[in-house]
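Written below as structure tokens is the structure these notes are about.
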2 protein chains.
Amino acid sequence: MHPLKFGQVENVFNKSFQTRVSGVPHKTSQRLSIIDIARDAGVSPATVSRAFNRPDLLKADTLQRIKAVSREHGFRPNRVGSSLRSGSTRTLGLVLPTLRNPVFGECFEGAEQYAHAHGYSVMVASTGYAPVTEADAVQSLIDHQVDGLILTLGNPARSATLRLLAGQDLPYVLAYNESSTHPFVSVDNAAAASDMVSLLAARGHRRIAIVSGPLTASDRARRRLAGARGQARKLGLEEVLHLPMASHTAADSDKLRELLSAPRKARAPTALFCSNDLLAASVISCLRGLGLSVPTDISVCGFDGMTFAGLMVPPLTTIEQPSHDIGARACASLLACLQGETPPSLRLAHRLISGGTIAAATSAAS
Amino acid sequence: MHPLKFGQVENVFNKSFQTRVSGVPHKTSQRLSIIDIARDAGVSPATVSRAFNRPDLLKADTLQRIKAVSREHGFRPNRVGSSLRSGSTRTLGLVLPTLRNPVFGECFEGAEQYAHAHGYSVMVASTGYAPVTEADAVQSLIDHQVDGLILTLGNPARSATLRLLAGQDLPYVLAYNESSTHPFVSVDNAAAASDMVSLLAARGHRRIAIVSGPLTASDRARRRLAGARGQARKLGLEEVLHLPMASHTAADSDKLRELLSAPRKARAPTALFCSNDLLAASVISCLRGLGLSVPTDISVCGFDGMTFAGLMVPPLTTIEQPSHDIGARACASLLACLQGETPPSLRLAHRLISGGTIAAATSAAS
DNA sequence: GTGAAAGCGCTAACAT
DNA sequence: ATGTTAGCGCTTTCAC
């Protein structure tokens, strides 16, 4: 089954060959160990290990020698051996809904950069917003013996994933999710949604609809809806409608038509607040197909602040989340957990980006 | 330094406790090994190992017992131990320019899904189009002992990354890149660019400019430029201009202005062919800022076919690459390498998506 | 069909 | 400042 049989045999040969002859056959694809280097450098394996992990402990001279020998042979310590012995893989797991949404790509890069800067690697897994996949992804990362997890869950209140996690003593922090029981890094979703409703109200909108994906698959969408409704009530607007779509990333044209070109057009919302930017773009595109232009005929706004939102024509009005930072800070919090600390939950600042997709409400108010 | 000292001591206690008493304290956060399960199931460790790896070798009865005991204790074999002993991590490395571009996110998901379906995991690293980061990313994945690599390189002809790889005997396949010396999975970049030029020519465009990022950082952009130029020559169009931007993902408004509102406006290109969709969106946005509307005043098209391109208003005219498939097929090829096969390079079909960003050339032909 | 024993590459005590 | 020793959790001959 294992294809490299022959290669391995060859390696063994090279290995003993090299230890006998002192020449350095630079390319002879070796699988050297710390022991080989130790022999060549005239020190013990432990000292070689220290050269890579605690170089400060060694005499400068010894360190140089070991480094030189290692470099000559192109030797790098095998992390698998190291992980097994030390009990730490120095790898963090990151679970995200989907990398088709560049917002999560940014988050990944934020986490990746922070992790690398601190000697850790990150292993991502995407869930496609599916609870089962989510649990599988976490299990897989646990199997890989990651030192901790950064999670964006569908529902951080009750999910199979969290039950799984409860059985381990693996530190984890949530990203984007807000939770009363676990450290998280996110924006204040309710407040952000509330801000957007205020803006809409200021432009004269009194009938607003929230367009989202399935609420069961995203507590963020739920919080945003709640925040919007709260603010609408406070400002005396009409009850915020809710239009859930089958997907988090694609609008359903029929549902939109039903909502807008319905008998009582007078009662149709004048603004559609979408729970993420991808969805907002899709909504705008669908509206276009229905003969409605944004923002002339109807206002639309999003949530996320993906880079792309600013490139749309007109630019999308949206709430910017600091995704790169969310990733980086979540990573920082997780590393703090690994040090035994209990990091506080962080609500990072959001920012309302006023693009060109919201206009003053046209239809005479009710 | 290691924070979990106390937890570990506690675990040792639980461990012996559990082996003495037969009850199953479901939550007592264990770190059991195959040996503990073996003892509980009244078999040898080797048999437990077989239960997980070669279940077919065991008597149904034994297998059941081991599975049952494992489930009770929530035991899962430690992949680190397994990797060390077997010499395979069953993990593949994936190196991509950036996950801020959803095209690469799709590619990742394609690879991830294919890998999972075949018992492998994938570890991604992003390079930000920087050669040094690229080499570091590859080194890091090698250190993790991945079984093979899928790479999207800046330059698959000569790069520090490939020199690094030459010293290992680690299988790898290229994705998006085309190479004469290594298995790859991509579209035919030159042919695709040529198709787009044909379309532009059919709409009456004779002066076309290619807008790209730095060519040194992307052989794809280079091939697309070459393909476009070849076809332009064949069709008797004017020489294709080349407008390189500092970034692969953001246009430089000044450069665009210089090109378009120059003294000799009559000689300005009537169509801008961007080497990727993100850049095309940015170009359109910049043009808007310069008072030019697309496609009325000038035509623009992209390359990639990211989902988002179809949601723009008007939808972006672009070349669709099957990114999910590129990821999946590259993964398949890599797994084939691991079986000792030498997979053929694959050029997957591209598709010209006719959106609304190309209009008939307006300015009287020269 | 299952067991016994060795060892993958490394690090952590402990010694000196 | 460095060496010795044991063993992390697992798989793999080789026996039986």
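Just so we're on the same page: letters track the sequence lines, and every chain starts at 1. Predicted model, so just to flag it, every value in this text is computed and none were measured.
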Between B:D147 and B:L92, is there a donor-acceptor pair closer than 3.5 Å when you use the side chain of the first and the backbone of the second? no

Through what angle, rounded to 10 degrees, does the axis of the helix from C:dG1-D:dC16 to C:dT16-D:dA1 turn between its ends, using five pairs per end? 20°

Any chance the side chains of A:H144 and A:T91 put a donor and an acceptor closer than 3.5 Å? no

Nearest-nucleotide check on DNA chain C, A:N53 vs B:T62; residue mapping nearer the 5' end is B:T62

Out of curiosity, A:L153 CG to A:L165 CG, how far, rounded to the nearest 0.5 Å? 8.0 Å

Go through C:dT11, D:dT11, D:dG3 for me and flag the one nearest to the B:S86 side chain. D:dT11

Distance, rounded to the nearest Å, where B:L58 contributes CG and D:dT11 contributes P: 13 Å

Specify the separation, in whole Å, of atom CD1 of A:I37 and atom P of C:dG9. 12 Å

Does a donor on one side chain and an acceptor on the other come within less than 3.5 Å for B:D36 and B:H73? no

Nearest-angstrom distance from the residue atom CG of A:N78 to P of C:dC10: 5 Å

Between CZ of B:R79 and P of D:dC10 the distance, given in whole Å, is 12 Å

Roughly how many Å is it from CG in B:D147 to P in C:dC8, rounded to a whole number? 19 Å

Specify the separation, in whole Å, of atom CG of A:L32 and atom P of C:dG9. 10 Å

Quick one: does any side-chain atom of B:T152 pair with a main-chain N or O of B:A175 as donor and acceptor, under 3.5 Å? yes

Determine whether B:R79 and B:S121 make a side-chain contact, defined as any pair of heavy atoms from C-beta on separated by less than 4.5 Å. yes

Under 3.5 Å, is there an N or O donor on one side and an acceptor on the other linking the side chain of B:R50 and the base of C:dG3? yes

Main chain of B:S126, side chain of A:E112: is a donor-acceptor contact present, judged purely on distance under 3.5 Å? yes

So what does B:V43 touch, heavy atoms closer than 4.0 Å: a base, only the sugar-phosphate, or nothing? sugar-phosphate

Reckon A:L84 touches a base, only the sugar-phosphate, or nothing at all at heavy-atom distances under 4.0 Å? base

5'-most by nearest nucleotide on DNA chain C - A:V48 or B:P45: B:P45

Separation of C:dC10 C1' from A:R76 CZ (nearest whole Å): 16 Å

Enter the distance from B:R76:CZ to A:Q145:CD here, rounded to the nearest 0.5 Å. 11.0 Å

Would you please confirm or rule out a distance under 4.0 Å between OP1 or OP2 of C:dG3 and any side-chain N or O of B:T47? yes

B:Y176 vs B:F104 aromatic rings, parallel, tilted or perpendicular, using cut-offs 30° and 60°? perpendicular

Check whether any side-chain N or O of A:S33 sits under 4.0 Å from OP1 or OP2 of C:dG9, and answer yes or no. no

Closest to the side chain of B:S82, out of D:dT12, D:dT4, D:dC10, is D:dC10

Nearest to the B:I34 side chain among C:dC10, D:dC10, C:dG3, which nucleotide is it? D:dC10

Could you tell me the separation between the CZ atom of A:R85 and the P atom of D:dG9, rounded to a whole number of Å? 10 Å

Could you give the distance from SG (B:C331) to CD (B:Q113), rounded to the nearest 0.5 Å? 10.5 Å

Under a 4.0 Å heavy-atom cut-off, which of residues 135-143 of chain B touch DNA chain C? none

